[in-house]
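In what follows, a structure is listed as structure tokens, so that the remarks can point back to it.
Note on naming: letters A, B, ... go to the chains in the order of the sequence lines (proteins, then strands), and numbering restarts at 1 for each one.
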Amino acid sequence: MSTHPIIQVRDVSRLFGAFTALDNISVDIRGGEFFSLLGPSGCGKTTLLRMIAGFDDPTHGDILIDGQPMAGVPANRRPTNMVFQSYAVFPHLTVAQNVAYGLRRQRLDKAEKASRVQKALEQVGLGALGERRSNELSGGQRQRVALARALIMRPKVLLLDEPLSALDKKLREHMQVELRQLQRQVGITFILVTHDQEEALTMSDRIAVMFNGDIAQCDTPEQIYQHPKSRAVAEFIGGMNFLDARMTARNGKTVTVDAACFGRVEIENPHGQDFASDITVGVRPERLTLLIDDNDRAEHEMSGQIVDASYYGDMTYYSISVDGRDEPITVSMRNTVGRRILASQESVRIGWGPESLVPLS
Amino acid sequence: MRGFALMSPTFFYALLLLAVPVAVTITFSFWTQTYLDLDTTFTLANYQEVWSKPIYRVLMFRSLTIAAIVTAVTVILAYPLAYYISFHVKERQALWIFLITIPFWTSYLLRIFAWKLILGYNGVINSTLMELGIIGEPLEFILHNANAVVMTLSHAWLPFAILPIFVSLQKIDRSLLEAANDLGDGPVMRFLRVTLPLSLPGVIAASLIVFIPTIGDYVTPRLVGGSDGLMIANMIQVQFGKANNWPLGAALAMTSMLLVTAVSVAFILVARFLGGRVR
Ligand SMILES: Nc1ncnc2c1ncn2[C@@H]1O[C@H](COP(=O)(O)OP(=O)(O)OP(=O)(O)O)[C@@H](O)[C@H]1O
Ligand SMILES: [Mg+2]
């Protein structure tokens with residue numbers, strides 16, 4: 001994987017009348033990486049993707065692809081291809097004709113064209129469906145046609161706008177794995193738009209989390225999950241307990257906080273952020289442990305009482321009320337062999353360490 | 001049975017208005033006119049006359065040609081208008097469509113007379129050109145011939161052709177156009193490979209809407225067509241009127257009906273075939 005940025009988005013804004021859809025965004029996307037744009041509906045993901053594809057122009061700022069400024073370059077001259085949210089499979093053409101659509105300019109002879117189309121169809125598992133009319137396809141098959149049609153162009157960057165959102169859960173998970181494998185295999189840079197945090201976490205090399213036309217954090221999935229910069233990012237990705245706290249000291253890559261029921265602790269500040277003295281501290285439910293046996297021990301402990309248990313099969317989420325806090329704290333527990341599900345009203349001890357806590361802006 | 005009972009009023013209504021007149025015409029076409037009486041013995045003589053006399057063939061051929069030209073002119077004028085409203089008018093498309101129909105609130109006859117005033121010997125075009133000294137005497141070729149028929153009818157049918165084309169353009173998913181763009185097509189190729197084939201049903205509908213009634217029109221040729229602008233429907237009218245030969249008129253009507261059907265079907269097949277070949 002090369003590290004030179006294939007796409008540079010520089011101070012890009014997009015205004016629709018008085019409405020700011022994108023607000024001064026900058027991001028570099030590296031060659032060969034699987035990059036996701038993640039955010040809630042209306043945050044500007046599609047707008048950014050369409051500007052990279054050339055369907056829309058920034059109001060301010062520049063987009064460079066492979067070092068070339070893209071201002072004034074129409075979509076048909078850009079080294080990008082798009083898989084549309086609606087798939088946009090041509091209804092008047094067969095599957096094979098759809099896939100061959102973009103090859104016209106390359107003036108290949110018939111045999112060469114047919115073999116490339118066949119190869120592309122096999123790559124996405126549609127080898128036998130070349131002669132089908134596109135209105136005889138299922139949603140998942142359409143999605144594959146759109147993918148094959150874009151991949152056959154051998155673009156530098158493949159843009160995917162929520163390609164899996166119309167599929168049912170099973171098929172979506174299957175396609176997530178396939179897409180990821182395909183991306184590794186072809187080595188093309190993928191930019192995936194999604195509002196599904198799990199999808200972004202499992203598939204991406206890096207994720208940009210967007211809110212209201214702004215990139216809140218751009219990082220690897222582990223970093224985004226373990227060290228979210230802000231409460232908004234943490235809330236959007238996975239579940240988290242939020243605690244009001246006071247910051248008493250800041251020291252390079254650590255801060256010392258005084259949080260209700262956790263007491264005074266020095267915790268990591270990996271992004272070296274500045275905080276106000278009223279700070280929010282986050283704790284992921286799986287970063288806390290329930291000490292069930294009397295001789296279970298942890299670095300720090302607090303006691304509480306179970307309010308509620310939600311059983312998820314592999315995990316159980318417990319709501320636990322603790323002294324010094326009105327809201328219950330959520331703790332998750334893997335349902336390993338022989339572990340019983342605790343009942344309401346049972347008293348438990350919660351174990352934690354400083355690495356369980358994350359400072360949030 | 002109950003379903004049939006419910007359906008029957010509309011069914012009989014349709015039967016009365018469509019099937020009965022056609023059946024009557026067919027029956028007449030196999031009879032013979034003997035001065036004031038009808039000879040009701042079955043004969044194919046009328047059809048023989050229709051197919052053998054050059055005058056009918058000339059008229060039939062001229063009607064088909066004029067109708068084809070009118071259709072082509074109308075659709076070629078209507079397509080860009082429909083395209084413009086569908087793709088470049090962002091707001092109030094309905095208002096635009098509505099405005100286009102305004103000239104058609106006046107009667108068909110009034111509009112033909114308006115064209116007579118514009119195209120005529122002392123009409124608007126001729127007098128303007130003469131005032132300006134561009135021509136010395138009135139142009140003859142713009143009225144009382146086939147050109148005038150084409151112009152008048154194309155104008156008359158324009159809104160009827162715009163509507164189906166507009167509807168078929170509206171139905172095109174705009175992301176298909178972006179996909180074509182994304183896959184390397186510039187505006188022209190994209191139009192030829194995506195927009196046009198996908199709007200073909202509208203073009204076919206518009207063509208038939210114009211073509212079929214044009215063949216049957218006899219008012220326009222009568223008023224602006226002169227003698228070389230007369231069409232088959234004028235001859236049918238004469239047979240049912242002055243000539244008082246209903247059986248021959250009926251045979252002419254049936255023949256032109258069959259021809260129109262054949263040409264329309266052939267047109268649909270050819271258009272579909274060509275549309276299916278665009279890659
Ligand atoms: N052509 C437009 N005119 C006006 N506003 C627009 C236009 N396109 C997008 N917007 C606005 O810009 C904002 C961002 O839109 P965008 O389509 O990028 O959102 P998104 O993040 O892709 O959302 P979703 O997940 O729902 O697809 C939205 O509030 C939308 O209403
Ligand atoms: Mg979107």
Side-chain angles (χ1 to χ4, degrees), chain A residues 17 46 49-56 73-94 96-107 110 113 117 120 133-135 142 145-155 157-163, chain B residues 75 79 82-83 86-93 164-208 267-279:
Chain A
T46 299
L49 202 70
R50 290 171 55 80
M51 291 196 301
I52 296 173
F55 300 131
D56 195 8
V73 180
N76 50 327
R77 302 252 172 72
R78 295 192 183 194
T80 57
N81 281 107
M82 180 112 151
V83 175
F84 290 81
Q85 185 162 8
S86 59
Y87 307 147
V89 172
F90 299 117
H92 57 304
L93 303 178
T94 64
Q97 288 163 354
N98 260 283
V99 175
Y101 193 94
L103 294 181
R104 193 190 65 91
R105 297 177 64 95
Q106 303 184 12
R107 311 208 173 282
K110 249 195 175 140
K113 193 161 153 181
V117 168
R133 302 295 297 191
S134 42
N135 52 10
R142 266 161 216 270
V145 173
L147 194 61
R149 185 177 72 179
L151 280 174
I152 203 172
M153 303 298 289
R154 298 175 186 161
V157 181
L158 187 71
L159 309 168
L160 304 108
D161 191 357
E162 309 209 19
Chain B
V75 170
Y79 200 100
Y83 186 92
S86 182
F87 285 92
H88 297 286
V89 175
K90 298 273 182 267
E91 292 160 17
R92 308 201 195 165
Q93 290 179 326
I165 297 174
F166 174 75
V167 169
S168 70
L169 288 171
Q170 283 297 91
K171 277 201 294 200
I172 298 177
D173 179 356
R174 298 310 191 242
S175 66
L176 293 175
L177 305 180
E178 287 183 345
N181 235 194
D182 190 61
L183 293 165
D185 279 354
V188 176
M189 282 320 288
R190 176 180 85 180
F191 175 78
L192 293 176
R193 297 175 80 195
V194 179
T195 316
L196 190 57
L198 288 179
S199 60
L200 207 59
V203 172
I204 293 177
S207 303
L208 296 181
F267 172 76
I268 294 174
L269 293 179
V270 168
R272 287 254 174 85
F273 177 72
L274 290 180
R277 278 173 52 98
V278 182
R279 293 286 175 269

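- Put simply, the side chain of B:Arg193 gets close to the backbone of A:Tyr101: a donor and an acceptor are under 3.5 Å apart.
- Looking at heavy atoms from C-beta onward, B:Glu178 lies in side-chain contact with A:Arg50 at the 4.5 angstrom threshold.
- With hydrogens and angles ignored, the 3.5 Å screen pairs no side-chain donor or acceptor of B:Asn181 with any backbone N or O of A:Ala75.
- Taking OH of A:Tyr87 as the start and CG of B:Leu176 as the end, the distance is 14.5 Å to the nearest 0.5 Å.
- Between atom CG of residue A:Leu103 and atom CG of residue B:Leu183 there is a gap of 9.0 Å, rounded to the nearest 0.5 Å.
- Looking at A:Val89, only its backbone comes within 4.5 Å of chain B, counting heavy atoms on both sides.
- In this structure, the portions of A:Phe90 lying under 4.5 Å from any heavy atom of chain B include both its backbone and its side chain.
- Annotation: the span from A:Ser86 atom OG to B:Arg174 atom CZ amounts to 12.5 Å, rounded to 0.5 Å.
- A donor-acceptor pair is defined here as one N or O able to donate and one able to accept, closer than 3.5 Å; no such pair exists between the side chain of B:Asp185 and the backbone of A:Asn76.
- Closest approach of B:Asp182 to A:Thr80, counting heavy atoms only: OD1-O, 3.7 Å.
- Proximity to chain A (any heavy atom under 4.5 Å) is restricted, for B:Leu198, to the side chain, taken from C-beta onward.
- The greatest number of non-hydrogen atom pairs below 4.5 Å with chain B, out of A:Gln85, A:Arg149, A:Arg77, is found for A:Arg149.
- Only the side chain of A:Met153 comes within less than 4.5 Å of a heavy atom of chain B; its backbone N, CA, C and O stay farther away.
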